[in-house]
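Notes follow once the structure below has been shown.
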Amino acid sequence: MDKKKVILLRYGEIFLKGKNRNLFEKRLIENIKKVLVGIEYKFIRTQNRYYIEDYQEYMQEEIIQRVTKVFGLHSLSIATKILTSYDNLKEAIVEYMPQDGTFRVTTKRADKRLDKNSMQISAMLGGYLLAQNKKLSVDLYYPKCEICVDIRENGYSYIFADKIDCAQGMPVGTAGRGMLLLSGGFDSPVAGYRMARRGMEIFGVHYHSYPHTSELARQKVIDLAGKLTKYCGDVRLFVVKFTDIQQAIHEYCREDYMITIMRRIMVEIAEKLALKHHCGALITGESLAQVASQTTRSITVTNEAVKSLPVFRPLIGMDKYEIMDTAEKIDTYAISELPYEDCCTVFLPKNPVIKPDLEIAKKEQAKIVDLDKMIEEAIESVEDLIIKAEY
């Protein structure tokens, strides 16, 4: 009997799509192939299934590490592929037989040419294993081990026992582009991750206030963007020189409104960059009531500076522990906790306003001399970086 190991891939939410499902599948397949660049393999697509075959055995763990981060995939299994026949099924399933305890065989029979249905095939294979090992017993409801048999229409069957969770969500690139306001903290990288998980291609904007913030702070953000690329592919990052604007805020505006006005100008610049580069939304890492600038009133006053795009706040209902747990999961935690201050900590007022008034904020912002000119100069001098994906 010829048999070989393959990696069986399953997608998730794409099942819910209608006539345009092929568009989502096409993007998902493209994203899978991107993360596997540099690895020799064969990609097979059948109805509702993808398979990675003909790879070097020593590369199996590397392949798994990469594809589990592809949004749109639900789970994968290491499976044994055989030509479909009852004898081959019996011979191959022995490899998955537990030493003792309870088990069940679950069969999905897409090939209707066989003379037995799914339940009959499961009973036949279960009986065969019982005859091979007297220490086993069948439990259809709470088995210690479940062996799955997938009999496909193409004449092949696949046997596996374990499922490895993948990133789930929707394929990156199927929900447009978003401009992420990326700082060096814990929140914004997690926000970018969560929106990429919904299929959004991530662009980033970072505000750098040299010499008040160091080159290490800038590199910290680049490194965070690099971690995101494992999930969302290349990230285009715009680094905005924010020093002059921040000094002007400090010079002309009320101290307690400085953070509010700074965030208003940040989202204004982000929106201009987003529109210029065909992004359909802004993304922020705000979590309700986490800090003074993230109260309902503060968010409302900040949002007023955005004129035409929606602002997505995927962390708005998450607490700090949930955010930091996700940061650990996506490997941004260690970078975010590095003690390199970003521009949000420069000229930080002792008592920032918690419930800002919109009219006061606009009046204070209007005091800044030549603000429109400074904004345009900041956009014109932006540093445009492509953070290449690291798989």
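Just the heavy atoms: all of them, side chains too, but no hydrogens, waters or symmetry mates, feed the values below.
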Requested in this report: Rounded to the nearest 0.5 Å, what's the gap from NZ on Lys272 to CE on Met179? Could you check?
Outcome: 13.0 Å
**Report entry** Pairing of Glu53 and Lys42 as salt bridge, 4.0 angstrom limit
**Finding:** no
**Report entry** Salt bridge Lys373-Glu380, side-chain N to carboxylate O under 4.0 Å
**Finding:** no
Query - Lys388 with Asp234: basic N within carboxylate O range, under 4.0 Å - result: yes
**Report entry** Under-4.0 Å salt bridge between Lys276 and Glu271
**Finding:** no
Query raised in the report: Which heavy-atom pair separates Tyr96 from Ile147 by the least distance, and what is that distance?
Result: O-CD1, 3.5 Å
Requested in this report: Return the set of residues passing side-chain hydrogen bond (donor to acceptor under 3.5 Å, both in side chains) with Arg218 (not counting sequence neighbours), or none when no residue passes.
Outcome: Glu215, Glu383
Query - Glu304 and Arg264 ion-paired at < 4.0 Å - result: yes
Query raised in the report: Do the side chains of Ile323 and Ile299 join up, straight or via other hydrophobic residues, at under 4.5 Å, putting them in one cluster?
Result: no
**Report entry** Test ring-ring contact (aromatic ring centres under 6.0 Å, His included) applied to Tyr50 and Tyr11, step by step
**Finding:** CA-CA 9 Å; Tyr50 306 145; Tyr11 54 77; 5.5 Å; yes
Query - Within 6.0 angstrom of Asn20 CG, more than 12 heavy atoms from elsewhere - result: yes
Requested in this report: Show the numbers, then the answer: is there a side chain to side chain donor-acceptor pair (under 3.5 Å) between Ser122 and Thr107?
Outcome: CA-CA 6 Å; Ser122 291; Thr107 302; 2.8 Å; yes
Query raised in the report: Which pair of heavy atoms, one from Val172 and one from Asn31, lies closest together, and at what distance?
Result: O-ND2, 3.0 Å
Report task. Could you tell me which non-hydrogen atom of Gln120 sits nearest to which non-hydrogen atom of Asp115, and how far apart they are? Result -> OE1-O, 4.2 Å
Report task. Would you mind reporting whether Phe24 and Glu13 have side-chain heavy atoms less than 4.5 Å apart? Result -> no
Query raised in the report: Does a side-chain N-to-carboxylate-O contact under 4.0 Å join Arg49 and Asp150?
Result: yes
Requested in this report: Could you tell me whether Arg27 and Glu30 have a side-chain N and a carboxylate O separated by less than 4.0 Å?
Outcome: yes
Query raised in the report: Going by an N to O cut-off under 4.0 Å, is there a salt bridge joining Arg21 and Glu25?
Result: yes
Query raised in the report: Is any NZ, NE, NH1 or NH2 atom of the basic residue among Glu377 and Lys241 found under 4.0 Å from an Asp or Glu carboxylate oxygen of the other?
Result: no
Query raised in the report: With a cutoff of under 4.5 Å between side-chain heavy atoms, which Ile, Leu, Val, Met, Phe, Trp and Tyr residues group with Val6?
Result: Leu8, Ile44, Tyr51, Leu83, Tyr156, Tyr158, Phe160
**Report entry** Sole residue of Leu181, Leu309, Val205, Asn303 in side chain to side chain contact (heavy atoms under 4.5 Å, CB included) with Val267
**Finding:** Leu181
Query raised in the report: When you check the gap from the basic side-chain N to the acidic O, do Glu268 and Lys307 get nearer than 4.0 Å?
Result: no
Report task. With side chain to side chain donor-acceptor pair (under 3.5 Å) as the test, would you mind laying out the steps for Arg104 and Thr106 before giving the verdict? Result -> CA-CA 6 Å; Arg104 66 171 283 177; Thr106 301; 3.0 Å; yes
Requested in this report: Flag yes if more than 12 heavy atoms outside Lys134 fall under 6.0 Å of its NZ atom; otherwise flag no.
Outcome: no
Query raised in the report: Are Met59 and Ile164 joined in one hydrophobic group, where the rule is that I, L, V, M, F, W and Y side chains link up if heavy atoms are under 4.5 Å apart?
Result: yes
Requested in this report: Taking only Lys NZ, Arg NE, NH1 and NH2, and the carboxylate oxygens of Asp or Glu, determine whether Glu95 and Lys3 approach each other closer than 4.0 Å.
Outcome: yes
Report summary line: In this structure, CD1 of Ile202 is separated from SG of Cys232 (nearest 0.5 Å) by 5.5 Å
Query - Any residue meeting side-chain hydrogen bond (donor to acceptor under 3.5 Å, both in side chains) with Lys320, in chain and number order, not counting sequence neighbours - result: Asp187, Gln290
Query raised in the report: Do Ile32 and Leu228 sit in the same hydrophobic cluster, where Ile, Leu, Val, Met, Phe, Trp and Tyr count as joined when their side-chain heavy atoms come under 4.5 Å apart?
Result: no
Query raised in the report: Do Tyr391 and Tyr231 belong to the same hydrophobic cluster, where Ile, Leu, Val, Met, Phe, Trp and Tyr are linked whenever their side-chain heavy atoms lie under 4.5 Å apart, directly or via other members?
Result: no
Query raised in the report: Tell me, do Met262 and Gln246 make a side-chain contact under 4.5 Å, heavy atoms counted?
Result: yes
Query raised in the report: Do Lys144 and Asp139 sit within salt-bridge range, that is, some charged N less than 4.0 Å from a carboxylate O?
Result: no
Query raised in the report: Any link between Tyr257 and Tyr207 through a network of hydrophobic side chains (Ile, Leu, Val, Met, Phe, Trp, Tyr) touching at under 4.5 Å?
Result: yes
Query raised in the report: With the threshold set at 4.0 Å, does a side-chain nitrogen-carboxylate oxygen contact exist between Asp111 and Arg109?
Result: no
Report summary line: Closest heavy-atom pair, Ile159 versus Leu89, reported as atoms and distance to 0.1 Å, is CD1-O, 4.0 Å
